[in-house]
Amino acid sequence: MTDVRQSGVGEGGGDQAVVIRLDLARAVDLFEKPQVELGSSHGTFQPGIERCIAELESRPIGRPVHLELTLPQSEISDGLGERLAVTMRRFCDERSYVNDCNRRSTQRSGVRALRIGLPVTLLGLAITAIAFHTGDSDDPQTAVIDILGWVLAWLGLWYPFDKLIFYASDYVRENRALEELRDARITVVARPNEDADGAASANVVERN
């Protein structure tokens with residue numbers, strides 16, 4: 001289960017924090033693919049970190065993040081919040097580095113694609129120019145050749161620029177989410193026993 005909300009304005013009148021609540025079966029499920037327990041109402045079907053990244057990518061950037069994890073009491077130990085925070089920073093740093101490498105590789109691929117795309121574009125423009133200067137504008141065959149030339153000109157530039165600009169922007173957007181998640185405040189809350197009444201208090205371990 002994932003719950004996302006915004007907390008109130010901070011004491012200093014700062015930005016509202018994005019609070020992401022995850023109900024996990026194990027602490028390592030935040031980073032590992034969890035085991036599915038049939039019939040259980042707790043836990044997730046994918047690493048919790050992936051759901052956090054997806055939530056942050058879909059929201060405006062620049063707000064502090066508060067990650068609240070609900071775990072069984074048996075999974076909570078002294079210093080768990082700090083260990084999770086250290087692992088979170090390592091994960092975000094490594095994934096950001098890999099994303100930067102992938103972004104540069106994608107952009108180089110777009111530059112290489114221009115070696116093919118640019119001649120195709122020039123061929124398409126040449127076909128269009130020839131059809132315009134030598135054909136009859138009212139001739140359907142000339143119109144078809146003109147359209148074919150423009151299509152070739154568009155195809156020659158579309159893929160390279162798509163790789164250079166739009167594909168690479170996906171990695172930039174994810175890195176922004178990782179930067180916010182890296183400095184997230186992590187709180188670990190013990191899951192109350194199902195047979196206990198709602199007045200049972202939760203054990204909290206927090207990393208500021």
Side-chain angles (χ1 to χ4, degrees), residues 1-10 12-24 27-34 44-69 81-122 124 151-188 207-208:
M1 179 192 301
T2 304
D3 178 28
V4 182
R5 67 178 179 85
Q6 295 180 4
S7 68
V9 179
D15 294 335
Q16 291 181 333
V18 176
V19 181
I20 302 177
R21 290 191 175 95
L22 293 176
D23 190 351
L24 306 177
V28 294
D29 289 347
L30 181 60
F31 305 100
E32 295 181 359
K33 185 174 182 179
T44 60
F45 293 95
Q46 59 182 327
I49 193 75
E50 299 295 339
R51 304 187 70 166
C52 293
I53 293 173
E55 290 291 347
L56 293 176
E57 283 187 318
S58 65
R59 294 174 175 271
I61 63 174
R63 301 179 186 177
V65 178
H66 178 194
L67 182 58
E68 185 177 294
L69 307 179
E82 183 59 34
R83 294 198 302 273
L84 287 171
V86 171
T87 306
M88 177 72 75
R89 289 192 291 268
R90 289 182 54 206
F91 177 93
C92 292
D93 289 343
E94 181 173 325
R95 183 145 169 176
S96 294
Y97 174 77
V98 172
N99 283 342
D100 286 336
C101 293
N102 289 333
R103 176 180 55 82
R104 290 192 295 268
S105 176
T106 300
Q107 291 175 331
R108 285 196 298 269
S109 177
V111 173
R112 290 193 296 268
L114 277 175
R115 299 174 184 175
I116 299 175
L118 191 57
V120 172
T121 296
L122 294 176
V151 169
L152 288 175
W154 174 75
L155 286 176
L157 294 179
W158 168 73
Y159 180 73
F161 279 100
D162 200 27
K163 297 276 282 186
L164 283 169
I165 300 174
F166 299 107
Y167 283 18
S169 66
D170 291 338
Y171 297 111
V172 174
R173 183 170 59 253
E174 182 173 310
N175 275 359
R176 290 174 179 170
L178 289 170
E179 184 178 353
E180 293 182 344
L181 193 59
R182 186 185 188 278
D183 299 324
R185 183 166 64 95
I186 299 177
T187 301
V188 181
R207 192 270 297 182
N208 292 323

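Nothing here was measured: the structure is a model prediction, and the numbers come from that model. Throughout, numbering of the chain's residues begins at 1 and tracks the sequence.
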How are the rings of Tyr159 and Tyr167 set relative to one another: parallel (under 30°), tilted (30 to 60°) or perpendicular (over 60°)?
-> perpendicular
Which is it for Asp100 and Asn175 under the side-chain contact (heavy atoms from CB on, under 4.5 Å) test, yes or no, and what are the steps along the way?
-> CA-CA 8 Å; Asp100 286 336; Asn175 275 359; 3.0 Å; yes
Check: Asn102 main-chain N/O paired with Thr106 side-chain donor or acceptor under 3.5 Å = yes
Please name the pair of heavy atoms, one in Ala177 and one in Glu57, separated by the smallest distance, quoted to 0.1 Å.
-> CB-CG, 3.9 Å
Within a strict 4.5 Å, meaning less than it, do heavy atoms of the Pro160 and Val111 side chains meet?
-> no
Counting heavy atoms not belonging to Arg83, are there more than 12 under 6.0 Å from its CZ?
-> yes
Hey, are the side chains of Leu67 and Leu30 touching, using non-hydrogen atoms and a 4.5 Å cut-off?
-> yes
Would you say Ile116 has more than 12 foreign heavy atoms packed within less than 6.0 Å of its CD1?
-> no
Could you give the distance from CD1 (Ile49) to CG (Leu181), rounded to the nearest 0.5 Å?
-> 4.0 Å
Over all heavy atoms of both residues, which pair between Pro119 and Leu114 is shortest? Give the atoms and the distance, please.
-> CD-O, 3.8 Å
Applying side chain to side chain contact (heavy atoms under 4.5 Å, CB included) to Asp93 and not counting sequence neighbours gives Arg182
Check the pair Asn99 / Val172 against side-chain contact (heavy atoms from CB on, under 4.5 Å), numbers first and verdict last.
-> CA-CA 8 Å; Asn99 283 342; Val172 174; over 6 Å; no
To the nearest 0.5 Å, tell me how far Thr121 OG1 sits from Leu152 CG.
-> 8.5 Å
Would you find more than 12 non-hydrogen atoms of other residues, nucleotides or ligands less than 6.0 Å from Gln46 atom CD?
-> yes
Any salt bridge (Lys or Arg N to Asp or Glu O under 4.0 Å) pairs touching residues 163-177, not counting sequence neighbours?
-> Arg95-Glu174, Asp170-Arg173
Side-chain contact test, heavy atoms from C-beta onward, threshold under 4.5 Å: evaluate it for Pro34 versus Leu24 and give yes or no.
-> no
With rounding to the nearest 0.5 Å, note down the distance linking CG in Leu84 to CZ in Arg89.
-> 11.0 Å
Over 12 foreign heavy atoms within 6.0 Å of CD, Glu50 | yes
Heavy-atom pair with the smallest gap, counting every atom of Ala168 and Arg103 = CB-CG, 3.7 Å
In Å, rounded to the nearest 0.5 Å, how long is the span from OG1 of Thr87 to CD1 of Ile186?
-> 8.5 Å
With rounding to the nearest 0.5 Å, note down the distance linking CZ in Arg112 to CD in Gln107.
-> 11.5 Å
In Å and rounded to the nearest 0.5 Å, what is the CZ to NE2 distance from Arg21 to His66?
-> 8.0 Å
Begin from the C-alpha positions of Val65 and Val19 and carry the test side-chain contact (heavy atoms from CB on, under 4.5 Å) through to its verdict.
-> CA-CA 6 Å; Val65 178; Val19 181; over 6 Å; no
Give a yes or no on whether the backbone of Cys92 and the side-chain of Ser96 come within a donor-acceptor separation of less than 3.5 Å.
-> yes
